[in-house]
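A quick write-up on the structure given underneath.
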Amino acid sequence: MTDEDIENIISTIHPTTSETNQQTALQRQQSLRELAALSEEEPTRMRDAVESLRPLLQHDDTETRRYAAETVCNVTAEHPDAGNNLLDALRQCLSDEDSIVRKNAVQAVEYISREHPHDVWKAVSDIIPLYTDQNKKIQNGSDWIFTIGSYPENVESVIADLQPFLSESETQITRKTTDILADIAAEHPAAVRSALPALRSLLSTNDTETRQHTTQVLTSLSAEHPADVQELTTDLRPLLSDSSTDVRKNCIRILSNISVAYPILEQQASRLIRSAQNARSENEYETATNRYDKAIDKLEKACVDAEPIDTADHQEIKAKIETAEKQLERTADVHTQWEAVY
């Protein structure tokens, strides 16, 4: 078949969304059938032609969508760039009502991921639901798409796309979502901060693997930002006797990381006290003392959280709180004198 023959076949395809001419519809399907066969035998020759199939990936006719998706998939296997240009259209095919269309779309996206691992993360919200697809080939194909460790620069957008799935009732979906988040947190711990409320609710889930993944996320986050995880202490305590060894180990690491935050909080409080002492106006003083109050609240919570774990930590933090409060009293006296003078 010559290039001119291919052009002639493509010219018979009419990307309309409704057909009134049955003969035209049959002719289009025959043309698509020929293109699908050619794309399997000679995908390189079809490389420049796949863009013309974009409208047909969303056509009303199921057969049309099937042949179009099959052709794109065959070409993408050899030329991922060609498929990547159609990624937005393939994303829509991932939720197609026809399993054959979905299967070809998943396979095409998997081919794209081999050369463009960062780009396919844009489709994460379309792919996650496929982990519960009734077609096992589609489920298995979804597993091969995401390359762990290859994340886009704006990884926060991936976190935002994943968050709705943390409240899914389907165990397979929450399990896979937390698995991906655990891998992201290992490299970008700060990025998962926004998911903390949803992750907190999963600490009590019945699914062991989801608890493992969730505590792994928190382990990575607490290692870099322990103060952010501090308020989850009460939720973590029951997991110290979890049936899963991995969950128990993760909890111990998290609580250990949180304990490192106590002196950090104390230092923050000290800095705020100095700000109050150096305040040159009423507004500055009030701002500093308000921030100080928040820091003291954190210290007191740290004190309460530390008590069941380490008495020595508890006593140390309590002493720091008492010292900090005395410093604030002296600061208040200095401020009163300052007001008297000015």
Treating Ile, Leu, Val, Met, Phe, Trp and Tyr as nodes and any side-chain heavy-atom pair under 4.5 angstrom as an edge, say whether [X] and [Y] lie in one connected cluster.
X	Y	answer
I127	V120	yes
I252	L232	yes
L202	I173	yes
L90	V101	no
L94	Y111	no

* Salt-bridge present (D126, R91; N to O < 4.0 Å) -> yes
Grab the two heavy atoms, one from [X] and one from [Y], that are nearest each other, plus how far apart they are.
X	Y	value
L181	V217	C-CG2, 3.7 Å
E156	E153	OE1-O, 4.4 Å
P238	D235	CD-O, 3.4 Å
C251	L239	SG-CB, 3.2 Å
P164	A160	CD-O, 3.3 Å
I138	S99	CD1-O, 3.6 Å

* Assess whether atom CG of D48 is packed by more than 12 heavy atoms of other residues, nucleotides or ligands within 6.0 Å. => no
* Can you tell me if CD on E115 sees more than 12 non-hydrogen neighbours from other groups inside 6.0 Å? -> no
Supply the atom-to-atom distance [X] [atom1] to [Y] [atom2], rounded to the nearest 0.5 angstrom.
X	Y	atom1	atom2	result
M46	E40	CE	CD	12.5 Å
D119	N84	CG	CG	4.5 Å
L196	S201	CG	OG	11.0 Å
Q107	W144	CD	CH2	11.0 Å
L38	R33	CG	CZ	14.5 Å
K176	T210	NZ	OG1	12.0 Å

* Evaluation steps, side chain to side chain contact (heavy atoms under 4.5 Å, CB included), between W121 and S157 -> CA-CA 9 Å; W121 284 101; S157 65; over 6 Å; no
May I ask you to test the [X]-[Y] pair for a side-chain heavy-atom distance under 4.5 Å?
X	Y	answer
N250	L218	no
N257	L221	no
R65	L57	no
Q58	C93	yes
Y151	D183	yes
T174	T205	no
P152	V158	yes
Y131	T177	no

* So E70 and S39, side-chain hydrogen bond (donor to acceptor under 3.5 Å, both in side chains) or not? Walk me through it. -> CA-CA 9 Å; E70 180 184 351; S39 68; 5.9 Å; no
* To do: Show your working on side chain to side chain contact (heavy atoms under 4.5 Å, CB included) between V72 and N104 and close with a plain yes or no.
  => CA-CA 8 Å; V72 172; N104 281 312; over 6 Å; no
* Would you mind telling me which of R248, K249, Q212, R211 makes a side chain to side chain donor-acceptor pair (under 3.5 Å) with D242? => R211
* Evaluation steps, side chain to side chain contact (heavy atoms under 4.5 Å, CB included), between K122 and L87 -> CA-CA 9 Å; K122 291 183 290 188; L87 183 57; 4.0 Å; yes
Check for a donor-acceptor pair, side chain of [X] on one end and backbone N or O of [Y] on the other, with a separation under 3.5 Å.
X	Y	result
H79	D81	no
Q139	D133	yes
S244	V247	yes

* Can a donor-acceptor pair be found between the side chains of R175 and H213 at a distance below 3.5 Å? -> no
* To do: Check the side chains of T44 and E78 for a donor-acceptor pair under 3.5 angstrom, ignoring hydrogens and angles.
  => no
* Identify the residue among T71, L86, V75 that makes a side-chain contact (heavy atoms from CB on, under 4.5 Å) with L53. => T71
* To do: Please report the C-alpha distance between R253 and S222 in whole Å, then the side-chain angles of each, then the deciding distance to 0.1 Å, and finally whether the side chain to side chain contact (heavy atoms under 4.5 Å, CB included) criterion is met.
  => CA-CA 9 Å; R253 293 190 188 99; S222 64; over 6 Å; no
